[in-house]
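As the structure is a prediction and not an experimental result, all values here were calculated from the model.
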Amino acid sequence: QVQLVESGGGLVQPGGSLRLSCAASGSIFSINAMGWYRQAPGKQRELVATISSGGTTNYADSVRGRFTISRGNAKHTVYLQMNRLKPEDTAVYYCNADVSTIATRLLRPYWGQGTQVTVSS
């Protein structure tokens with residue numbers, strides 16, 4: 001099995017920063033793209049940022065210039081540096097990864113359990 005575990009969420013004041021981390025573990029053969037999504041109350045889950053295995057990044061317009069997604073030196077990690085946070089960034093943030101397992105070698109998406117980010121005074 002494959003698990004993705006996020007960490008780094010919490011309460012921060014507007015204008016502050018947080019760094020989210022995600023680590024994948026389990027019977028992993030390979031991981032291609034990884035990304036971060038978020039879901040605010042009453043809203044659909046939306047893409048925040050993605051990064052390919054080659055380092056190509058993609059950002060939602062709402063976070064571009066404020067957030068930075070990166071891959072760790074370890075292949076099974078991804079980070080989201082969030083700067084100049086706004087109240088509208090408040091959401092549960094989910095890590096996503098396209099993973100193939102040792103058993104099947106078939107690529108499919110996996111999701112973390114989510115970590116709460118609250119931006120408030």
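Dense packing is recorded around CD of Glu88, with more than 12 heavy atoms of other residues, nucleotides or ligands lying under 6.0 Å away.
Gln113 and Glu6 share a side-chain donor-acceptor pair at under 3.5 Å.
Clustering of Ile, Leu, Val, Met, Phe, Trp and Tyr side chains at separations under 4.5 Å leaves Tyr79 isolated, with no partner residue. The other members of the hydrophobic cluster of Tyr94, by chain and number, are Tyr37, Leu47, Val92, Trp111 (side-chain heavy atoms under 4.5 Å, ILVMFWY only).
Taking the side chain as every heavy atom from C-beta outward, Val78 and Cys95 approach each other to under 4.5 Å. Counting heavy atoms from C-beta outward, Gln81 and Ser70 have side chains that stay 4.5 Å or more apart. For the pair Leu11 and Ser120, the minimum side-chain heavy-atom distance is below 4.5 Å. The side-chain heavy atoms of Leu18 and Val117, taken from C-beta on, include a pair separated by under 4.5 Å.
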- Task: Walk me through it: do Thr57 and Thr50 pass the test side-chain contact (heavy atoms from CB on, under 4.5 Å)?
- Result: CA-CA 6 Å; Thr57 58; Thr50 61; over 6 Å; no
- Task: Check the pair Met34 / Arg71 against side-chain contact (heavy atoms from CB on, under 4.5 Å), numbers first and verdict last.
- Result: CA-CA 8 Å; Met34 301 186 77; Arg71 300 284 286 266; 3.5 Å; yes
- Task: Evaluate the criterion side-chain contact (heavy atoms from CB on, under 4.5 Å) for residue pair Tyr93 and Leu80; output intermediate values, then yes/no.
- Result: CA-CA 10 Å; Tyr93 284 70; Leu80 185 68; 4.2 Å; yes
- Evaluation steps, side-chain contact (heavy atoms from CB on, under 4.5 Å), between Leu85 and Phe67: CA-CA 9 Å; Leu85 284 160; Phe67 292 9; 3.7 Å; yes
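Looking at residues two or more places apart in sequence or on another chain, you find a salt bridge (Lys or Arg N to Asp or Glu O under 4.0 Å) between Asp89 and Arg38, Arg66. For Thr104, the side chain to side chain donor-acceptor pair (under 3.5 Å) partners at least two apart in sequence or on another chain are Thr101. Residues forming a salt bridge (Lys or Arg N to Asp or Glu O under 4.0 Å) with Arg45 (at least two apart in sequence, or on another chain): none.
Here the CD-CD distance, from Glu46 to Gln44, works out to 10.0 Å after rounding to the nearest 0.5 Å.
In this structure, Thr90 contributes its side chain and Val119 its backbone to a donor-acceptor pair below 3.5 Å. Side-chain atoms of Arg64 come within 3.5 Å of backbone atoms of Tyr59 as a donor-acceptor pair (strictly under, hydrogens ignored).
Within the structure, salt bridge (charged side-chain N to carboxylate O under 4.0 Å, His left out) pairs that include any residue of residues 108-121 do not occur (at least two apart or interchain).
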